[in-house]
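Because only heavy atoms are used, hydrogens play no part in the values below, and waters and symmetry mates are left out as well, while side chains stay in.
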Amino acid sequence: MVSLTADMSPLQPDRNLALELVRATEAAAIRAVPFIGRGDKEAADGAAVDAMRAFFTTVNFDGTIVIGEGEKDEAPMLFNGERVGNGRGPQADVAVDPIDGTSLTAAGRNNALSVIAVSDHGTMLDASSVFYMDKLVTGPAGVGVVDIRLPIGENIRLLAKALGKPVDEIVVSVLHRPRHEKLIAEIREAGAGTRLMTDGDVAGGINAARHNARTDMCVGVGGSPEGIVTACAIKALGGHIQGRLWPRDDDEKQKGIDAGLKLDGNVYEADELVRGSNTIFVATGVTDGQLVAGVRREGGYVYTESVVLRGASGTLRRITSEHLVSKWL
């Protein structure tokens with residue numbers, strides 16, 4: 001089996017693959033442009049899926065989608081188990097979200113991204129049978145300090161001490177959902193501030209792990225696919241991530257058990273979500289956000305901003321690109 005690091009120097013294992021994958025997220029983001037603010041999230045997602053799938057065929061790798069948009073009979077989505085790439089090159093597990101934040105895109109709101117995450121073959125947890133995951137994400141200061149099993153107030157105090165800042169300067173990102181009303185109240189009771197997200201689970205986690213971001217922690221129940229994707233990015237940022245699967249009912253819990261997943265409050269650490277450090281995370285902004293700027297059209301040109309995170313080297317690269325409108329829209 002060829003790995004992502006084969007035939008390349010130790011600290012530069014997958015640079016070419018990472019940069020090739022950016023073309024696929026750029027394509028998905030650009031194709032979504034006509035649907036930004038138009039209220040049709042299915043149309044936006046469908047256009048992004050088609051563009052991402054087309055560009056995957058040009059990439060030199062043999063990928064299998066572990067985290068996709070559903071099962072095979074839900075075409076045209078990029079489905080779990082689908083083979084992507086041209087079949088030549090390293091074998092890899094792939095997680096995709098052509099638009100993380102379809103509702104954000106449809107409404108013209110911030111923080112929608114097009115995302116791909118990749119790791120060595122057989123290293124990515126397939127949590128697709130349980131849709132939700134309770135997560136805790138911080139930057140490097142939280143490693144060995146915070147723990148999802150502790151009360152949120154205690155985690156806030158521990159992180160504040162590790163960061164050397166007062167509790168009232170800590171900002172915690174949480175998805176704005178009814179299920180989080182108690183959690184939000186507890187964060188505020190502890191003295192920290194909240195940043196409530198309407199969507200954009202992946203961007204929220206990554207922003208909490210970046211050293212120069214405006215948030216310090218991201219917590220709460222979001223998508224389990226987004227948890228796996230975020231873990232690939234956190235590996236490169238040196239941050240902390242933990243997750244507990246959160247089945248919605250007994251039927252989903254049984255599906256998770258049948259799939260071999262650990263439930264009943266089991267905590268998945270970073271290396272259980274994605275094994276090893278050889279991960280790639282690429283994202284292109286669809287709409288403006290803290291992580292990247294959204295697609296911008298001016299005259300005959302379209303401008304995109306993307307980030308590339310590589311776990312093996314611990315680097316974050318920003319890529320700005322200029323595209324001819326006549327070639328795309």
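N86 and N60 are linked by a side-chain donor-acceptor pair at a separation below 3.5 angstrom, with hydrogens and angles left out of the test. Looking at Q254 and D258, their side chains do bring a donor and an acceptor atom within 3.5 Å of each other. Side-chain polar atoms of S321 and E26 form a donor-acceptor pair below 3.5 angstrom. Side-chain atoms of D288 and N110 include no donor-acceptor pair closer than 3.5 Å. Donor-acceptor pairing under 3.5 Å is lacking for the side chains of R317 and S306.
Residues L261 and N266 form no side-chain contact, since every pair of their non-hydrogen atoms from C-beta on lies 4.5 Å or further apart. Side-chain contact between I116 and F56 is present, with at least one heavy-atom pair separated by less than 4.5 Å. Side-chain contact between L21 and L17 is present, with heavy atoms from C-beta onward closer than 4.5 Å. Side chains of V308 and L316 form no contact here, defined as non-hydrogen atoms less than 4.5 Å apart. Taking 4.5 Å as the limit, some side-chain heavy atom of S114 sits within range of a side-chain heavy atom of M52. For the pair L273 and M133, the minimum side-chain heavy-atom distance is below 4.5 Å. Residues V307 and V282 form no side-chain contact, since every pair of their non-hydrogen atoms from C-beta on lies 4.5 Å or further apart. Under the 4.5 Å side-chain criterion, counting only non-hydrogen atoms from C-beta, R214 is in contact with Q290.
Between R248 and E252 a salt bridge is recorded (basic side-chain N to carboxylate O distance below 4.0 Å). With salt bridges taken as basic N to acidic carboxylate O contacts below 4.0 Å, none links R31 and D50. A salt bridge does not link R157 with E154: every distance from a Lys NZ or Arg NE/NH1/NH2 to an Asp or Glu carboxylate oxygen is 4.0 Å or more.
Side-chain heavy atoms closer than 4.5 Å link hydrophobic residues (I, L, V, M, F, W, Y) into clusters, and following such links, even through other members, never connects L175 to L183. The hydrophobic cluster containing V137 does not contain V221, counting ILVMFWY residues as joined when their side-chain heavy atoms lie under 4.5 angstrom apart, directly or transitively. A chain of hydrophobic side-chain contacts below 4.5 Å, direct or via other Ile, Leu, Val, Met, Phe, Trp or Tyr residues, connects V267 to L150. Tracing side-chain contacts under 4.5 Å through hydrophobic residues (I, L, V, M, F, W, Y), one never reaches V145 starting from V171; they form parts of separate clusters. Residues V118 and V229 fall into different hydrophobic clusters, defined by Ile, Leu, Val, Met, Phe, Trp and Tyr side chains chained together at heavy-atom separations under 4.5 Å.
Here the two rings, on Y303 and W328, have centers that are 6.0 Å apart or farther.
Across all their heavy atoms, C232 and T279 have their closest contact at O-OG1, 3.0 Å. Closest heavy-atom contact between I36 and G108: CG2-CA, 4.0 Å. A pairwise comparison of heavy atoms in G63 and V94 identifies CA-CG2, 3.9 Å as the closest pair. In this structure, I234 and A209 approach most closely via the heavy-atom pair CD1-CB, 3.4 Å. When all heavy atoms of G289 and N111 are compared, the closest pair comes out as CA-OD1, 3.2 Å. Closest non-hydrogen pair, V143 versus G238, comes out as CG2-O, 3.7 Å.
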(message) Between F35 and D45, does the side-chain contact (heavy atoms from CB on, under 4.5 Å) criterion hold? Intermediate values first, please.
(response) CA-CA 9 Å; F35 304 98; D45 198 41; over 6 Å; no
(request) Let me see the working for T64 and H121 under side-chain hydrogen bond (donor to acceptor under 3.5 Å, both in side chains), right down to the final yes or no. (result) CA-CA 8 Å; T64 301; H121 180 64; 4.9 Å; no
(request) Kindly indicate, with the supporting measurements, whether the criterion side-chain hydrogen bond (donor to acceptor under 3.5 Å, both in side chains) is fulfilled by R188 and T194. (result) CA-CA 7 Å; R188 292 170 176 170; T194 55; 2.9 Å; yes
(request) Please assess R210 against L237 for the test side-chain contact (heavy atoms from CB on, under 4.5 Å), listing each intermediate value before the final yes or no. (result) CA-CA 7 Å; R210 291 169 56 220; L237 294 169; 4.2 Å; yes
(message) Walk me through whether V274 and L125 qualify under side-chain contact (heavy atoms from CB on, under 4.5 Å).
(response) CA-CA 6 Å; V274 184; L125 178 69; over 6 Å; no
(request) With salt bridge (Lys or Arg N to Asp or Glu O under 4.0 Å) as the test, would you mind laying out the steps for D264 and R244 before giving the verdict? (result) CA-CA 8 Å; D264 296 321; R244 293 184 290 205; over 6 Å; no
(request) Show the numbers, then the answer: is there a side-chain contact (heavy atoms from CB on, under 4.5 Å) between R195 and V172? (result) CA-CA 6 Å; R195 176 155 292 170; V172 183; over 6 Å; no
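Within the 3.5 Å criterion, the main-chain N or O of A293 finds a donor-acceptor partner in the side chain of E305. In this structure a side-chain-to-backbone donor-acceptor pair under 3.5 Å is missing from T287 to G294. Between the side chain of N207 and the main chain of A203, a donor-acceptor pair closer than 3.5 Å is present. Judged by distance alone, the side chain of Q242 and the main-chain N or O of I148 form a donor-acceptor pair under 3.5 Å. Formation of a donor-acceptor pair under 3.5 Å by the S224 side chain with backbone atoms of V130 is found in this model. Judged by distance alone, the side chain of S173 and the main-chain N or O of C218 form no donor-acceptor pair under 3.5 Å. Side-chain atoms of D93 do not come within 3.5 Å of backbone N or O of I65 as any donor-acceptor pair. Looking at N80, its side chain does come within 3.5 Å of a backbone N or O of G68 through a donor-acceptor pair. Put simply, the side chain of T58 never gets that close to the backbone of A54: no donor and acceptor are under 3.5 Å apart. Checking side-chain atoms of E169 against main-chain N and O of P166 turns up no donor-acceptor pair under 3.5 Å.
Note that CD1 of I241 is 13.5 Å distant from OH of Y268, once rounded to the nearest 0.5 Å. Residue D216 holds its CG atom at 4.0 Å from CD1 of I170, rounded to the nearest 0.5 Å. In this structure, CZ in R310 is found 8.0 Å from CG in N278, a value given to the nearest 0.5 Å. Once rounded to the nearest 0.5 Å, the distance linking CG of L19 with CD1 of I319 reads 5.0 Å. To the nearest 0.5 angstrom, K235 atom NZ is 13.5 Å from L309 atom CG. Taken to the nearest 0.5 Å, the OG1 atom of T25 stands 12.0 Å off from the CD1 atom of I99.
Each of K262, K135, R275, R149 was scored for a salt bridge (Lys or Arg N to Asp or Glu O under 4.0 Å) with E269, with one residue passing: R149.
More than 12 heavy atoms of other residues, nucleotides or ligands shown are found within 6.0 angstrom of CZ on R179. Heavy atoms of other residues, nucleotides or ligands lying less than 6.0 angstrom from CZ of R318 number more than 12. Within a 6.0 Å sphere centred on CZ of R109, heavy atoms belonging to other residues, nucleotides or ligands number 12 at most. Counting non-hydrogen atoms of other residues, nucleotides and ligands closer than 6.0 Å to CG of D249 gives a total above 12. For K165, the NZ atom counts as densely surrounded, since its 6.0 Å shell holds more than 12 non-hydrogen atoms of other residues, nucleotides or ligands.
Taking the ring axis of Y301 as reference, the NZ or CZ atom of R296 does not stay both within 45° of it and closer than 6.0 Å to the ring centre.
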